[in-house]
Amino acid sequence: MTSSSEGVSKYTEVEDEETLAIGYYDDDDDDFDTFTDGNLDCSCEDGGGFSDPLSGEVKPRILLMGLRRSGKSSIQKVVFHKMSPNETLFLESTNKICREDVSNSSFVSFQIWDFPGQIDFFDPTFDYEMIFRGTGALIFVIDSQDDYVEALSRLHLTVTRAYKVNPEINFEVFIHKVDGLSDDAKIEKQRDIHKRANDDLADAGLEKIHLSLYLTSIYDHSIFEAFSKVVQKLIPQLPTLENLLNIFISNSGIEKAFLFDVVSKIYIATDSSPVDMQTYELCCDMIDVVIDISCIYGLTEEEAGQPYDKESMAIIHLNNTTVMYLKEVTKFLALVCFLREESFERKGNRELGRRALRGKVRVS
Ligand SMILES: Nc1nc2c(ncn2[C@@H]2O[C@H](COP(=O)(O)OP(=O)(O)OP(=O)(O)O)[C@@H](O)[C@H]2O)c(=O)[nH]1
């Protein structure tokens with residue numbers, strides 16, 4: 001694989017991996033603050049007497065629930081704090097609800113609430129109605145390497161209670177830690193969990209509740225892909241974005257286009273052709289390469305901590321005649337495209353693509 005990257009900013013000393021993830025630039029004409037720990041506003045509270053800190057705010061809430069040690073905190077740390085998967089081995093059990101504000105852009109803007117596995121949120125002193133009322137998505141994490149009978153009954157209880165309070169919640173089930181399973185075992189687990197969970201709902205007369213199942217692991221890109229899908233459902237502009245990307249690819253010889261949040265590597269939209277895991281992984285790798293190269297060679301001292309800016313773009317020629325093209329769209333968003341070499345080399349098309357990348361797919 002050969003790669004070329006232009007304009008990926010100037011060099012600065014990078015102290016640690018977290019700097020890469022959170023030290024992005026502050027754009028004057030953008031209202032959003034730099035994505036720092038300040039924006040990843042984290043706070044933990046006891047379950048009892050929990051008041052609604054969000055009254056008046058419209059940010060959707062994503063709840064992470066599931067039994068102890070199922071992997072909830074690891075998911076949050078890996079996706080939003082760039083923690084390496086191996087480091088999660090040392091995470092302590094969560095004993096309070098941890099709230100985190102994720103405000104990367106107008107599209108990726110929500111709160112994540114990580115619940116301790118052992119919490120009894122149906123305790124009468126615990127205001128679960130308040131929690132479910134403002135919830136956009138409830139992610140229930142099941143440890144696939146463990147016996148999941150208890151997890152399924154907990155899932156049923158959680159979903160039925162939550163649905164009664166707020167039928168608009170998206171119920172997302174992460175069949176997690178699948179890295180230890182063969183492909184056949186993964187499919188079998190998913191089929192079994194799907195059947196048992198839906199049978200339980202049908203027995204309760206609640207077959208109208210829809211559960212979306214995902215096979216996830218923090219040791220590969222599956223967790224980012226699953227989180228992308230959860231977040232996409234909370235973006236009201238998604239159909240418009242998809243439509244824009246469809247128009248864009250139909251006019252430019254591009255085969256596949258993604259709009260990425262570069263900080264979390266969540267893709268917030270793509271055109272309507274199917275997404276395969278390998279394509280998604282390539283996009284994530286390309287974002288990493290751009291940010292790494294920019295940090296190492298791109299930043300001057302004055303611009304320290306701004307590895308992604310208006311000038312950021314990169315072209316990577318893969319060895320299978322495919323070209324990958326990345327271009328900054330807004331402060332935290334990147335357009336990542338795949339096209340054939342011959343389309344890329346056609347000068348007219350290349351110019352058209354550039355103009356489109358610069359102007360057409362502007363997202364406010
Ligand atoms: N193999 C594997 N292990 C994982 C994965 N995700 C998390 N783990 C491990 O699972 C263990 C528990 O993870 P936590 O994130 O602390 O689990 P939790 O659900 O937050 O636990 P509580 O805070 O007790 O509710 C850790 O040792 C993680 O390293 C995964 O995808 N695969």
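Every number for a ligand or one of its atoms is a count from 1 in the order of the listing.
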Can you see which heavy atom on S273 is nearest to which on E255, and at what distance?
OG-O, 4.2 Å
Residue pair Y148 / L67, side-chain heavy-atom distance below 4.5 Å
no
Aromatic ring pairing F174/F227, orientation class (parallel under 30°, perpendicular over 60°, tilted between)
perpendicular
When you look for protein heavy atoms under 4.0 Å from ligand 1, which residues do they belong to?
L67, R68, R69, S70, G71, K72, S73, S74, T88, L89, S93, T94, P116, G117, Q145, H176, K177, D179, S217, I218, Y219
Measure the CD-OG distance between E188 and S182 for me, rounded to the nearest 0.5 Å.
10.0 Å
Quick one: are N198 and E207 in side-chain contact, heavy atoms under 4.5 Å?
no
Go through the structure and list residues passing ring pair (Phe, Tyr, Trp, His ring centres under 6.0 Å) with F110, not counting sequence neighbours.
F80
